[in-house]
Amino acid sequence: LRTLHGEVTGQLGKYGITSPLAQDGVGINIGYEQRNDHEFFQPDSAEQSGVLSGFGSAAVPIDNSITVGEEFAELRVPLVQDKPFAKELLFDTGFRHSDYKYAGSPSTITNTYKFEVQYAPISDLRFRASYDKAIRAPSALELYVPQLVGLIQLGNDPCAPPITYSLKQCENTGVTQAQYTRGSIPQGTAGQLSQLTGGNTQLKPEQAETYTFGVNFAPSAIPHLTGSIDYYHIQLTNTVGVLPAAVILSNCANTGNPIYCSQIVRGPFGTLNGNNIASGGYFVQTNVNIGAGLISGIDLQLKYSLELPPGFGSLAWEMDGSYLQHAETTPYVGAHTYDCAGLYGLTCQTINPRWHHIFRTTWMTAWNVSTSLTWRYIGKASEDNNTGDPTLQN
């Protein structure tokens, strides 16, 4: 990763650019940045052969770059300072123009920006609220990893013996009546079917609208105590990812919706355990801008220190916790939205506990030695299959 970065910062108060109710001048930051992200991976011939035990598929080489040039400007304006009921009132804003250039695909130009207001009625308390328009450009791996067929741990094909789907459900997934009647479709091995994975050079940046509301406190009545509470709300669109194979299979079978059914490519004998793109027999799991999402929750931070009697040093306590309110995914526009907050499983993937925290107690002795005890807590999570949400049944 090569970066060329330059910026100019300064305060304009000495030039008379200040608020009539503030002492500090307006702060400004302008700059230009250029980055080049080059991904290079060269597997050996054995890895590329696809016959190594346990690999599931061949490893593929990649050698591509993304170049981005950005101009940015930020402005901080103190509006009120050291007035009754207004220790400080600040306004922040920023703007960034980005030009992403990709090998073999058109460039992408994006504009992002932010607005923030901070208000401290007294020195002990500060409120803040912000709005951000943000993007995440696709990475070189998401764009350029070559497509290939490999294995996915999904369970048995419900249209292969032992058949668990009806004729209509199997026909929706691409099975013929003759194949269903004969029960001749080859079953996967050890609960493994096939998937087509890889990049997509037509990907667009993910977009997000972010709202945050928070408060910082450092009460003078309780010395050495500081803390903050923040609510965040992140609305995502054009998210880069894949339609989960379990969602594809169940929704195609039950609804016949072509958005799902087009992602099932059965082989000539109806199989879903193919080994190459040409012959078929797989779920399409390549990167696409598939839909939308919503992440929201509350972050909590607390710190407190206590001086011990002379010669014994001090104690410090620190807690960082987070409550997950929503972790929603909308597979595509107009589709049913499922929420993975508090869940894990085949569709939700990672464990998403509602609450987790780290609490640390540290004794800083007077002998240049410190010792600490840390409690890391991850809350419970339920299997997504057991929620009753039909989208999560797998």
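- The aromatic rings of Tyr100 and Tyr102 sit parallel, their planes meeting at an angle under 30°, below the 60° perpendicular limit.
- Taking CD1 of Ile295 as the start and CG of Leu236 as the end, the distance is 6.0 Å to the nearest 0.5 Å.
- Shown here for Met364 and Ala316, the closest heavy-atom pair between the two residues is CE-CB, 3.6 Å.
- Of the possible donor and acceptor atoms, none in the side chain of Gln81 sits under 3.5 Å from a partner among the backbone N and O of Pro78.
- Between Val149 and Gln195 the shortest side-chain heavy-atom distance does not fall below 4.5 Å.
- Phe359 meets the side chain to side chain contact (heavy atoms under 4.5 Å, CB included) test with Trp317, Met319, His357, Thr361, Trp375; sequence neighbours excluded.
- Around the CG atom of Asn368, the shell of radius 6.0 Å holds no more than 12 heavy atoms that belong to other residues, nucleotides or ligands.
- Listed by first then second residue, pairs satisfying salt bridge (Lys or Arg N to Asp or Glu O under 4.0 Å) with a partner in residues 215-234 read Arg128-Asp230, not counting sequence neighbours.
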Stepwise side-chain hydrogen bond (donor to acceptor under 3.5 Å, both in side chains) check, Ser130 with Thr212
CA-CA 5 Å; Ser130 69; Thr212 63; 2.4 Å; yes

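- Under the 4.5 Å side-chain heavy-atom criterion for grouping Ile, Leu, Val, Met, Phe, Trp and Tyr, Val145 is connected to Leu143 within one hydrophobic cluster.
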Evaluate Val242 against Ile290 for side chain to side chain contact (heavy atoms under 4.5 Å, CB included), listing each step before the verdict.
CA-CA 7 Å; Val242 299; Ile290 57 172; 5.8 Å; no

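- At least one donor-acceptor pair closer than 3.5 Å links the side chain of Thr255 to the backbone N or O of Asn257.
- Note on Val247: it clusters hydrophobically with Leu193, by side-chain heavy-atom contacts below 4.5 Å among ILVMFWY residues.
- Considering Ile259, Ile264, Val284 as possible partners of Ile248, the one that fulfils the side-chain contact (heavy atoms from CB on, under 4.5 Å) test is Ile264.
- Within the 4.5 Å cutoff, no side-chain heavy atoms of Gln192 are placed close to those of Thr189.
- Looking at Asp99, its side chain never comes within 3.5 Å of a backbone N or O of Ile109 through a donor-acceptor pair.
- Shown here are the side chain to side chain contact (heavy atoms under 4.5 Å, CB included) partners of Gln48, two or more places apart in sequence or in another chain: Gln42, Pro43, Pro61.
- Contacts of Asp157 classified as side-chain hydrogen bond (donor to acceptor under 3.5 Å, both in side chains), with partners at least two apart in sequence or in another chain: Arg266.
- Both Val117 and Leu125 are assigned to one and the same hydrophobic cluster, defined by single-linkage of ILVMFWY side chains at heavy-atom distances under 4.5 Å.
- Remark: the backbone N or O of Pro161 is paired with a side-chain donor or acceptor of Gln187 at under 3.5 angstrom.
- When the side chain to side chain contact (heavy atoms under 4.5 Å, CB included) test is applied to Phe95, the partners found at least two apart in sequence or on another chain are His97, Asn111, Tyr113.
- Counting only N and O atoms by type, the side chains of Gln169 and Asn254 include a donor and acceptor under 3.5 Å apart.
- The distance from atom SG of Cys261 to atom CG of Asn251, rounded to the nearest 0.5 Å, is 9.0 Å.
- Glu70 has a carboxylate O that lies under 4.0 Å from a charged side-chain N of Arg96, or vice versa, which qualifies the two as a salt bridge.
- In this structure, Leu79 CG and Leu90 CG are separated by 7.0 Å, a value rounded to the nearest 0.5 Å.
- Checked against side chain to side chain contact (heavy atoms under 4.5 Å, CB included), Ala129 has the following partners two or more places apart in sequence or in another chain: Phe213.
- Atom CD1 of Ile152 and atom CG of Leu196 lie 11.5 Å apart (nearest 0.5 Å).
- Residue pairs that meet the side-chain hydrogen bond (donor to acceptor under 3.5 Å, both in side chains) test with at least one member in residues 279-294, sequence neighbours left out, are Asn276-Ser279.
- Counting heavy atoms from C-beta outward, Val68 and Glu33 have side chains that stay 4.5 Å or more apart.
- Put simply, the side chain of Asp132 never gets that close to the backbone of Ala134: no donor and acceptor are under 3.5 Å apart.
- Remark: Phe283 engages no residue in a ring pair (Phe, Tyr, Trp, His ring centres under 6.0 Å) (not counting sequence neighbours).
- A salt bridge between Glu116 and Lys114 is absent, with no side-chain N of the basic residue lying under 4.0 Å from a carboxylate O of the acidic one.
- Taking CD of Glu383 as the start and OG1 of Thr347 as the end, the distance is 10.0 Å to the nearest 0.5 Å.
- Closest approach of Pro331 to Tyr338, counting heavy atoms only: CG-CE2, 3.8 Å.
- Taking CD of Gln301 as the reference point, atom OG of Ser322 lies at 10.0 Å (rounded to 0.5 Å).
- Using a distance-only test at 3.5 Å, with no hydrogens or angles considered, a donor-acceptor pair links the side chain of Thr173 to the main chain of Cys170.
- With a 4.5 Å cut-off on side-chain heavy atoms, Leu249 and Tyr165 count as touching.
- Side chains of Tyr304 and Leu302 form no contact here, defined as non-hydrogen atoms less than 4.5 Å apart.
- Around the CD1 atom of Ile351, the shell of radius 6.0 Å holds no more than 12 heavy atoms that belong to other residues, nucleotides or ligands.
- Although no hydrogens or angles enter the test, the distance criterion places no donor-acceptor pair under 3.5 Å between the side chain of Asn156 and the main chain of Pro158.
- Grouping the Ile, Leu, Val, Met, Phe, Trp and Tyr side chains by contacts below 4.5 angstrom, directly or via other members, places Leu306 with Trp363.
- Although no hydrogens or angles enter the test, the distance criterion places no donor-acceptor pair under 3.5 Å between the side chain of Asn352 and the main chain of Ala341.
- Considering only heavy atoms from C-beta on, Thr197 comes within 4.5 Å of Leu148 through its side chain.
- Put simply, Leu300 and Leu324 are part of two different groups of oily side chains (I, L, V, M, F, W, Y) that touch within less than 4.5 Å, one to the next.
- Residues satisfying the ring pair (Phe, Tyr, Trp, His ring centres under 6.0 Å) criterion with Tyr131, sequence neighbours excluded, are Tyr211.
- Panel note: side chain Ser194, backbone Gly274; a donor-acceptor pair is recorded below 3.5 Å.
- For residues 243-277, every residue pair satisfying the ring-ring contact (aromatic ring centres under 6.0 Å, His included) rule, not counting sequence neighbours, is listed here: Tyr260-Tyr332.
- Screening residues 185-211 for salt bridge (Lys or Arg N to Asp or Glu O under 4.0 Å), with sequence neighbours left out, gives Arg136-Glu206.
- A salt bridge links Asp82 with Lys87: the distance from a Lys NZ or Arg NE/NH1/NH2 to an Asp or Glu carboxylate oxygen falls below 4.0 Å.
- Within the 4.5 Å cutoff, the side chain of Asn36 has no heavy atoms near those of the Ile66 side chain.
- When only modelled atom types and interatomic distance are considered, His38 and Asn64 share no side-chain donor-acceptor pair under 3.5 Å.
- Panel note: side chain Arg354, backbone Gln325; a donor-acceptor pair is recorded below 3.5 Å.
- Within the structure, the ring-ring contact (aromatic ring centres under 6.0 Å, His included) test picks out no pair touching residues 178-197 (sequence neighbours left out).
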